[in-house]
A.B. asks: 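Right, I'll just put the structure down here and ask away after.
Below, read A as the first sequence line, B as the second, and so on, with proteins coming before strands; counting in each chain starts at 1.
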Amino acid sequence: MLGFMRGQPLLSTVIHREKMAAAPVMMPYFGQQISSKSDLVPDWTRQEVSTGTTIMAVEYDGGVVIGADSRTTTGAYIANRVTDKLTRIHNKIYCCRSGSAADTQAIAEIVAYQLGFHSIELDEPPLVETAANLFRASCYRYREELTAGILVAGWDKRKGGQVYSVPIGGMLVRQPVSVGGSGSTYIYGFMDANYKPGMNKEQCMELTAAALSLAMERDGSSGGVVRLASISEEGVERRVILGNQLPKFSTH
Amino acid sequence: FFFFLIFEVFFGVFSFTINSAITINAVLEVEASKVGCSVPAARKTGTTICGVVFKDGVVLGADTRATEGMIVADKNCSKIHYISPNIYCCGAGTAADTEMTTQLISSNLELHSLSTGRLPRVATANRMLKQMLFRYQGYIGAALVLGGVDCNGPHLYSIYPHGSTDKLPYVTMGSGSLAAMAVFEDRYKPDMEEDAAKQLVRDAIAAGIFNDLGSGSNIDLCVITKSKVNYIRPHDEANKKGVRTGDYKYKRGTTGVLTKAVTPIDLELLEESVQTMDTS
């Protein structure tokens, strides 16, 4: 009862509402209705903006590699096809956002503020674990109201490259590799088969790009371009892989 | 603490959430129809709004139709709202919500600008709008296209009712957004000249007006550059009311008069009564 209160599209199971934004009025309408004027009222007033998404983060010796697709949807319409889901929280701490666009943007901005303040108090770069705990604190306290699946990744002096997963519900766990979003279900097998501990930065980048391409190919809510970033002691390096440059796989 | 305030009201807003997915409004509608009345339809701006970043600034465009259900409530409403001298905002969704939200942020931004002693930035307006809309969890039905020029150059944001924003070179919102976006995706180029940008926005809004039932009437434009703002209302009267070609009135003399007879009628005054009006 509690988890499905707002009836928004969730990450793990993409609930496809049986209607289309611009369909003629004759079509039977299943699901909730705010008002009966459905022909004049577009999807975005009834459906919240969701980052359908595939996100991924990998640790390597000396840093982390993070990646995400670039699609944001309101129902069946792609509201933004070049979204940047790799959000800067601090100089060397980033987060990958999946779930409700509004919820994750709001949480990320609040955590960035809290972490910035904390860092000034400390007079030191903050720890990735601190950032992850701040995310967890908000995501767990307001778990009934929020739909947010977040991967926190970055580099700090104490523990080097780290990836923390804060899925819906507000759990916190550190993992060497983590995937998230609606498209992640399609690449668990690929990850289990192809990830090996002890890869270097370039190998991680290739693995992430390949995994995201596969997920984007199969998941309707993921697509666009692949955004990659690597975070290490040297700094943050960002890359974009456009649609035509993605690695190609084919079953036939 | 700042973040505390946000979540405090957050919690309050959710104290009346029902355990099913039906919203308060839907429940009210059901209850009202049981008694035999209908809930008043909120006036919505069916709408096509859009914005484009060009070489020297931004161009914002909007249609001018406001609907109440299936009826056009206002044939020439103004959907491009003033936020600050260098920032304007187009609004789609519930007309009252867009009007009041933009006015509130405009007021707060003016106070902020006086406090900082600087021209306000588009990013600031964006933050204020998104934080307010997020606080109301989508119940304020305002979908906005925010554009302006500040010390960091031209900026364009789209803001959704639930509080998510996107920073892009071209955006469309409203029921006609798909039609307008089709035009943009075909013809947008980075670093356009002002005239090309105005023509592109005009064509995008026209696509919304002629292909979407919720949009209509005229096309308003607002061109914002570093030096000036050009609020063109209307830029294009795409739907001028037709002029009648004929008249049903017949001229005197069309029918010939043969005879005329005048008979005075005598009236007898039977009773006269005076009732004073209560003007106290």
A.B. asks: Nearest 0.5 Å, please: how far is OG in Ser164(B) from CG in Asp103(A)?
C.D. replies: 9.5 Å

A.B. asks: Are there more than 12 heavy atoms of other residues, nucleotides or ligands under 6.0 Å from atom OH of Tyr140(A)?
C.D. replies: no

A.B. asks: Side chain, backbone, both or neither: which part of Lys167(B) has an atom under 4.5 Å from a heavy atom of chain A?
C.D. replies: neither

A.B. asks: Just wondering, more than 12 heavy atoms not from Arg238(A) lying within 6.0 Å of its CZ?
C.D. replies: yes

A.B. asks: If you count every heavy atom of other residues, nucleotides or ligands that lies below 6.0 Å from Arg118(B) atom CZ, does the total exceed 12?
C.D. replies: no

A.B. asks: So, for Ala102(A) and His162(B), which heavy atoms are closest and what is the spacing to 0.1 Å?
C.D. replies: CB-O, 3.1 Å

A.B. asks: CD/Glu109(A) to CZ/Arg127(B) distance, rounded to the nearest 0.5 angstrom?
C.D. replies: 3.5 Å

A.B. asks: Is the number of heavy atoms from other residues, nucleotides or ligands under 6.0 Å of Asn244(A) CG greater than 12?
C.D. replies: yes

A.B. asks: Compare every heavy atom of Ser177(B) with every heavy atom of Tyr77(A), then report the nearest pair and how far apart it is.
C.D. replies: OH-O, 4.4 Å

A.B. asks: Take atom CD in Glu99(B); do more than 12 heavy atoms of anything else shown fall under 6.0 Å from it?
C.D. replies: yes

A.B. asks: Can you name the residues that form a side chain to side chain donor-acceptor pair (under 3.5 Å) with Arg88(A), not counting sequence neighbours?
C.D. replies: Asn91(A)

A.B. asks: CD/Glu185(B) to CZ/Arg81(A) distance, rounded to the nearest 0.5 angstrom?
C.D. replies: 4.0 Å

A.B. asks: Quick one: CZ on Phe134(B) to OG on Ser100(A), what's the gap to the nearest 0.5 Å?
C.D. replies: 7.0 Å

A.B. asks: To the nearest 0.5 angstrom, please state how far the CG atom of Asp166(B) sits from the OG1 atom of Thr83(A).
C.D. replies: 6.0 Å

A.B. asks: Taking CZ in Arg121(B) as the centre, count heavy atoms belonging to other residues, nucleotides or ligands within less than 6.0 Å. Is the count above 12?
C.D. replies: no

A.B. asks: Is it the side chain or the backbone of Thr172(B) that comes within 4.5 Å of chain A heavy atoms, both, or neither?
C.D. replies: side chain

